[in-house]
J.: 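This is the structure I want to talk about, given as structure tokens.
Here is the naming used below: chain letters follow the sequence lines, and residue numbers restart at 1 for every chain.
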Amino acid sequence: MSTDKLPTREDNFSEWYNQIVLRAEMADYAPVRGCMVARPYGWALWENMQQALDRRFKETGHVNAAFPLFIPMSFLEKEKEHIEGFSPELAVVTHGGGSKLEEPLVVRPTSETIIGYMYAKWIKSYRDLPILINQWGSVVRWEMRTRLFLRTLEFYWQEGHTAHATAEEAQEETLRMLGVYADFVINDAAVPVIQGVKSASEKFAGAVQSTTIEAMMGDRRALQAGTSHFMGQNFAKAFDIQFLDWNNQLQHAWTTSWGLSWRVIGAMVMTHGDNQGLVLPPKLAPFQVVIVPIYRDDTEKSAVLPVVERVSKELKGAGCRIRVDDREEVTPGFKFNDWEMRGVPLRLEIGPKDVQKNSVALARRDIPGKAGKSFISQEGLASQVVQMLDTIQQSMLERATAFRDSHIHEPTSYADLTEIVKDGWAYSRWCGDADCEAKVKEDTKATIRCLPLDQPEVQGVCIQCGKPATSMAYFARAY
RNA sequence: CGGGGCGUAGCGCAGACCGGUAGCGCACCGCGUUUGGGACGCGGGGGUCGGCGGUUCAAGUCCGCCCGCCCCGACCA
């Protein structure tokens, strides 16, 4: 591991991000451009995220399944907008088993088409609906500019695909799952998000309406942290997903899809991280507590280790994910820095002085330096630690929310908007016209991140063109 | 696909102008001393110098072709 100082967030945010991901050993570059390896520490974080989400999916009635990686090229071509949107970024397999394939296969960029094909086979009656299936897996999109976790050629995610008998039911599902994402990202990842609808130019290729949760990163740029789409009958028509309704009428089903990827790991890094490294929310951290034993010789070691053993047992018993760093070849100082880089929420130091005083030293990762350090009694330690983890979780969300809110402004003029989006988000009226949106992008590089679900009574005129406004929108530069 | 840069040990680089025993720092291995905020000393291992061809007694270095990567655009989210 490198012991050089990190680049700072202020000096070079994107290099700071890369270095944290690499040094915390969450990921590494793979030999193919744009591909990455999720290392055990990063994967453990992803596993915790999967569990937290999967539990919510099951609670809302969904089941898991697995669909194939290869999709016939012709499937994507069945939905016009879909193929137009995805064709520039497809990986295509033309050969297999040493010979040229009759029809090229696409490595799935998303699975609407192959799942639509299967749903057409499975759905005959309104009694077969709804179908509520989720899949955990990876997809491939041939992106030009890649970043670890944020945009890679192959990325891990989950994609939910549902089919319903009515438009209303499908729309409800779309918003329900957006709400599930918001709940997870806010309460588990401690990343505040705004739920909203995508403008036409930003919506998913083939959807009627796309919804999104948008988060603000430490450099004030926006990151889409999850999306949920209402497909209307577009894919049902393309794949003949038809059923007989309760009146014996043949109808096309209404479908949805929703996805959230390991990009949210990147969102956590860029929301919570500091110049010491990563800061992970206790609910998702692979290790919530690291214990560093401190001793100089065998006498001290034999006094300290039994206490470490007892404390670690107690914490495990209280349900904490803990790690005892018993490495002999590095110094305590090195370990402190190492675990701070990895973002472990709480560090316990147990040394000869603590053994003597029946105490432990406790350091909060979210409050660096002396301010976050305290000494607590070994008595009732587990309950104090559990409580502290909860406090950290809450305070991380509060801090991130305060940061975000302090960088959202309502412009008073178009000139004002162009200034605001240089270092924050603009919350403003919009007329709904795509040309206006394009003009803003051309002038400022900012796009409409979403039209928030939470809309006030909108009066007045569009910030860009002066025509009557139809909704409030967030404008920001995005990842 | 345009504009710029770079390929020498796992990583970061020097050596090239001016051809002559392939080096430095970190990492790694061994021994010893250290250990409450990134320890130190001594010893050691590791290289088709991106590839192919040419010039030369001799090429990391000069010449030609090719390949790959990075940054800025375009594209995407």
J.: Could you check A/Val279, A/Leu278, A/Asp366 and say which one makes a side-chain contact (heavy atoms from CB on, under 4.5 Å) with A/His272?
T.: A/Val279
J.: Starting at the 5' end of RNA chain B and moving along, which residue's nearest nucleotide shows up first, A/Arg449 or A/Val330?
T.: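 It is A/Val330, whose closest nucleotide lies nearer the 5' terminus.
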J.: Rounding to a whole Å, what distance do you find between A/Glu329:CD and B/rC29:P?
T.: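 Atom-to-atom, A/Glu329 to B/rC29, this comes out as 9 Å.
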J.: Could you pick out which residue, A/Ala363 or A/Phe86, lies toward the 5' side of RNA chain B when each is mapped onto its nearest nucleotide?
T.: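 In this pair, the answer is A/Ala363.
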J.: Within 45 degrees of the axis of the six-membered ring of A/Trp339 and under 6.0 Å from its centre: does A/Arg347 put its NZ or CZ there?
T.: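 Pair A/Arg347/A/Trp339 does not count as cation-pi.
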J.: CZ of A/Phe336 versus P of B/rG37: gap in Å, rounded?
T.: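 That distance rounds to 6 Å.
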J.: With heavy atoms under 4.0 Å as the rule, sort A/Glu340 into base, sugar-phosphate or nothing.
T.: base
J.: Cation over ring, A/Lys373 on A/Phe336, under 6.0 Å and within 45°?
T.: yes
J.: May I ask which nucleotide in the shown strands pairs with B/rG41, Watson-Crick or G-U wobble, both distances under 3.5 Å?
T.: B/rC31
J.: Base, sugar-phosphate or nothing for A/Arg347? Non-hydrogen atoms, less than 4.0 Å.
T.: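 Contact class for A/Arg347: base.
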J.: Is A/Asp354 touching bases, backbone alone, or none of the nucleic acid, heavy atoms closer than 4.0 Å?
T.: base
J.: Can you measure A/Arg327 atom CZ to B/rG38 atom C1' for me and round it to whole angstrom units?
T.: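 So the CZ-C1' distance, A/Arg327 to B/rG38, works out to 12 Å.
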J.: What does B/rG19 pair with, Watson-Crick or G-U, if both distances are under 3.5 Å?
T.: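 When the pairing criteria are applied, nothing turns out to pair with B/rG19, so the answer is none.
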J.: Check every atom of B/rG36, B/rG37, B/rA39 against the side chain of A/Phe334 and return the nucleotide holding the closest atom.
T.: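 In terms of side-chain proximity for A/Phe334, the closest of B/rG36, B/rG37, B/rA39 is B/rA39.
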J.: What is the distance, to the nearest angstrom, from the OH atom on A/Tyr29 to the C1' atom on B/rC11?
T.: 14 Å
J.: Strictly by Watson-Crick or wobble contacts shorter than 3.5 Å, is anything paired with B/rG68, and which nucleotide is it?
T.: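 Matched B/rG68 with B/rC6 under the 3.5 Å cut-off.
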J.: Pick base, sugar-phosphate or nothing for A/Lys335, based on heavy-atom distances below 4.0 Å to the nucleic acid.
T.: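 A/Lys335: no heavy atom of the nucleic acid under 4.0 Å.
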J.: Could you please spell out the steps behind the side-chain hydrogen bond (donor to acceptor under 3.5 Å, both in side chains) verdict for A/Ser377 and A/Glu379?
T.: CA-CA 5 Å; A/Ser377 168; A/Glu379 307 302 325; 5.1 Å; no
J.: Send over the distance from A/Asp338 CG to B/rA39 P, rounded to a whole Å.
T.: 11 Å
J.: Could you state the atom-to-atom distance from CG of A/Asn337 to C1' of B/rG36 in whole Å?
T.: 13 Å
J.: It should be established whether A/Thr331 places a side-chain nitrogen or oxygen under 4.0 Å from OP1 or OP2 of nucleotide B/rA39.
T.: yes
J.: Rounded to whole angstroms, how far apart are CD on A/Glu300 and P on B/rU35?
T.: 9 Å
J.: Could you go over nucleotides 67-76 of chain B and give all protein N or O partners under 3.5 Å, atom names and distances?
T.:
residue : atom : partner  : partner atom : Å
B/rC72  : OP2  : A/Arg145 : NH2          : 2.4
B/rC76  : O3'  : A/Glu89  : OE2          : 3.4
B/rC76  : O2'  : A/Glu143 : OE1          : 2.9
B/rC76  : O2'  : A/Glu143 : OE2          : 3.3
B/rC76  : O2   : A/Arg151 : NE           : 3.3

J.: In whole angstrom, what separates A/Trp339's CH2 from B/rG38's C1'?
T.: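 Between C1' of B/rG38 and CH2 of A/Trp339: 15 Å.
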J.: Across the strands shown, which category fits A/Lys301 at heavy-atom distances under 4.0 angstrom: base, sugar-phosphate, nothing?
T.: nothing
J.: Please measure how far the P atom in B/rC17 lies from the corresponding atom in B/rG25, and state the result in whole Å.
T.: 25 Å
